[in-house]
Amino acid sequence: MNGRATATPATRHGRDRRAHVVHGPHGAPRVRGTAPRVAVIGGGIAGLAAATALAERGVHVTVYEREHQLGGRLRGWPEELADGSTITMSRGFHAFFRQYYNLRGLLRRADPALRTLRGLPDYPLRHSGGLQDGFARVPRTPPWSALGFAALSPTFGGRDLTRMNARAALPLLDVRVPDIYRRLDHLSAWEFLERIRFPRAAHHLAFEVFSRSFFADPRHLSAAELALMFHIYFLGSSEGLLFDVPREPFPAALWEPLARYLTGHGADLRTGRAVEHVEPARGGGFHVVTGDGRQRCDAVVLALDVNGLQHVVGQSPRFVDDAAWRARIMGLGTAPPFLVSRLWLDRRVAPDRPGFLGTSGYGALDNVSVLERWEGEAARWSARTGGSVVELHAYAVDPAADRAAEQRGLLAQLHRLYPETRDARIVDARHAWHADCPLFPVGGHRNRPTVRTPDPAVTVAGDIVRSDLPVALMERAATTGFLAANALLARWGLRGQTLWTVPVRGRTAALRALNRLVGD
């Protein structure tokens, strides 16, 4: 939390009744007099959240984004298929969970009713051995959610439950940040689950599927991140595990409307502008240098992915003049590569195929999406051609893997999973490889940057940023973006952004007491 932020329980229609409100700094609603200038470097979720909170208070904001589209890792770009269709390609499926209060608050700026999002009916998971799980029938409120999942899941049997190590599972009952990192950051997610002795089928089908959403092998992921995820999505929140998806590709549904909102508040959005370096300006402030010149600003928000953050810091030796801080930034790592294969098929998949399916035991395949089930652009292509648009994901691919072989492997697994696709002709295909997601390794929490830096005029935002709030993934990006803005607004006596999170501790008093009594 930044400025004079405080967290208190609060109830509001549409949120978990135990959701917490995090009040931003108090101050004037708008700038009086000369407005400060802020450079927001990075136009993804974190940068757009920071820019929004600042521009709404009358701050002069310039957003620099190296790509030609906003959205960061959720951007989209136009491509033409072999059949002449113009489509929007992206880095693939993302789930907008109902716990993402601050991300959804950002999107509400341009879409107050969130009409651009639609809910999928279930979060199905399938193992190659025939087991299948889902969450549509699981109660949402803990502890009934955990009990209901165990009762309904085919991966849990009575004998399996008696073999579990309840003591090892105690940290899951009362997850608090940053305490959970003290307790579990020295363990891998795999080792933690092994200690608990979850049934092997549940280990693979449910928990490994969830841990791989961090784009890392569970053997290399901090157990603290896994425990925090369980708290956010399952054990600590009554929002459940169902989620929403955009009705149209990311640019049309999310970023173009938000860009119009920001420019309406005076923000200058400079896409296709990579920042080369930042240097202190004579008399205070900074110069942000791009290929077409430099601009002076009073403060900087670094809202970049790990590679971009390291580039700007590495090329700016006089920027944030603190050797220890700079060393931590340069020591950050990225997760292994991931692959998104999107296929346009000449015939439709079976009508009972879900819009999204998590998978385990199908080689490198982690999930499958049938886009025409929920995305308008894909549905229109399907209606016009009689085909299907299918997207395949593989997370944490071996960096040395043969990429063409991995792409063929995903297709083979699709044929195994959905046999009706074996005879389908591929009208066109796009394969997106990326290796820029943050890595949350064992023991890495202490080295991650916080929102504040040694220079009070410089803040950092993004999903790699360490926060004392229970947030992760896209919601961590949005939340730290708002917190980065709040830290600057407090300096100028301006009112900050109010934030919301899932409960900041375990929901059940008896279980919390048991954790304190028996835990470390």
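Heads up: numbering here begins at 1 and tracks the sequence.
Closest heavy-atom contact between L70 and A259: CD1-CB, 3.9 Å. Taking both residues in full, the closest heavy atoms of V301 and A461 are given as CG1-CB, 4.4 Å, listed atom of the first, atom of the second, then distance. The shortest heavy-atom contact between G43 and E65 is N-OE1, 2.7 Å. The nearest pair of heavy atoms linking L332 to N447 is CD2-O, 3.8 Å. Between A53 and L489, the shortest heavy-atom contact is O-CD1, 3.9 Å.
In this structure a side-chain-to-backbone donor-acceptor pair under 3.5 Å is present from H94 to G92. Side-chain N or O atoms of E248 include none that pairs as donor or acceptor with a backbone N or O of E375 at under 3.5 Å. One N or O on the side chain of T453 and one on the backbone of D455 form a donor-acceptor pair closer than 3.5 Å. The main-chain N or O of Q69 is never found under 3.5 Å from a side-chain atom of E67 such that the two would form a donor-acceptor pair.
In this structure, H231 has no ring pair (Phe, Tyr, Trp, His ring centres under 6.0 Å) partners at least two apart in sequence or on a different chain. Qualifying side-chain hydrogen bond (donor to acceptor under 3.5 Å, both in side chains) partners for R91, counting only residues two or more places apart in sequence or in other chains: H434, D436. Applying the side chain to side chain contact (heavy atoms under 4.5 Å, CB included) rule to R342 yields the partners M89, S90, W344, L371, V389, E391; only residues at least two apart in sequence or on another chain are considered. By the side chain to side chain contact (heavy atoms under 4.5 Å, CB included) test, T263 is found to be paired with L269, residues two or more places apart in sequence or in another chain being considered. The side-chain hydrogen bond (donor to acceptor under 3.5 Å, both in side chains) test applied to Q497 returns R109, not counting sequence neighbours. Applying the ring pair (Phe, Tyr, Trp, His ring centres under 6.0 Å) criterion to F93, with sequence neighbours excluded, gives F243, F356, W374. For Y261, the ring pair (Phe, Tyr, Trp, His ring centres under 6.0 Å) partners are H265, not counting sequence neighbours. With sequence neighbours excluded, the residues that form a side chain to side chain contact (heavy atoms under 4.5 Å, CB included) with A299 are V38, A457, L488, W492. The side chain to side chain contact (heavy atoms under 4.5 Å, CB included) test applied to R247 returns R118, not counting sequence neighbours.
Donor-acceptor pairing under 3.5 Å is lacking for the side chains of T271 and H68. Judged by distance alone, the side chains of W433 and Q407 do bring a donor and an acceptor atom under 3.5 Å apart.
Aromatic ring centres of H393 and Y395: separated by under 6.0 Å.
A salt bridge does not link D185 to R446: none of the charged side-chain nitrogens sits closer than 4.0 Å to a carboxylate oxygen.
When side chains are defined from C-beta on, D179 does not count as touching V177, because their heavy atoms never get closer than 4.5 Å. Side-chain contact between L226 and P218 is absent, with no heavy-atom pair separated by less than 4.5 Å. Side-chain contact between V275 and V289 is absent, with no heavy-atom pair separated by less than 4.5 Å. Residues E406 and L410 fail the side-chain proximity criterion, which asks for heavy atoms closer than 4.5 Å.
For residues 315-333, no residue pair satisfies the side-chain hydrogen bond (donor to acceptor under 3.5 Å, both in side chains) rule, not counting sequence neighbours. Residue pairs meeting the side-chain hydrogen bond (donor to acceptor under 3.5 Å, both in side chains) criterion with at least one member in residues 286-306, sequence neighbours excluded, are T62-Q295, Y64-Q295, R66-D305, R273-D292, E279-R294, T290-D292, R296-D298.
For the atom pair E256 CD and T116 OG1, the distance stands at 12.0 Å (nearest 0.5 Å). For the atom pair R73 CZ and L473 CG, the distance stands at 9.5 Å (nearest 0.5 Å). From L235, atom CG reaches atom CG of L173 across 7.5 Å, with rounding to the nearest 0.5 Å.
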- Please walk me through it: do F192 and L184 pass side-chain contact (heavy atoms from CB on, under 4.5 Å)? CA-CA 8 Å; F192 179 56; L184 293 181; 4.0 Å; yes
- What do the steps show when you test E239 against Y233 for side-chain contact (heavy atoms from CB on, under 4.5 Å), and what is the final call? CA-CA 7 Å; E239 301 291 359; Y233 300 110; over 6 Å; no
- Message: Please evaluate residues D16 and R98 with respect to the criterion salt bridge (charged side-chain N to carboxylate O under 4.0 Å, His left out), reporting the C-alpha separation (whole Å), side-chain torsions for both, the decisive distance (0.1 Å), and the verdict.
- Response: CA-CA 9 Å; D16 184 336; R98 281 76 188 267; over 6 Å; no
- Message: Checking L309 against I329 for the side-chain contact (heavy atoms from CB on, under 4.5 Å) test, could you report, in this order, the C-alpha distance in whole Å, the side-chain angles of both residues, the deciding distance, and whether it holds?
- Response: CA-CA 8 Å; L309 180 61; I329 295 297; 3.7 Å; yes
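The cationic atom of R75 (NZ for Lys, CZ for Arg) does not lie both less than 6.0 Å from the six-membered ring centre of W255 and within 45° of the ring axis.
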Acceptor/donor pairs from residues 475-483 side chains to any protein atom, 3.5 angstrom cut, sequence neighbours excluded:
from	atom 1	to	atom 2	distance (Å)
E475	OE1	N102	N	3.4
E475	OE1	L103	N	2.9
E475	OE2	Y101	N	3.2
E475	OE2	N102	N	2.8
E475	OE2	N102	ND2	3.2
R476	NE	V471	O	3.2
R476	NH1	D463	O	3.2
R476	NH2	E225	OE1	3.2
R476	NH2	V471	O	3.1
T479	OG1	N102	ND2	2.9
T479	OG1	E475	O	2.7
T480	OG1	G462	N	2.9
T480	OG1	G462	O	3.2
T480	OG1	R476	O	2.8
T480	OG1	A477	O	3.3

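Taking a 6.0 Å sphere around CZ of R32, one finds it holds 12 or fewer heavy atoms contributed by other residues, nucleotides or ligands.
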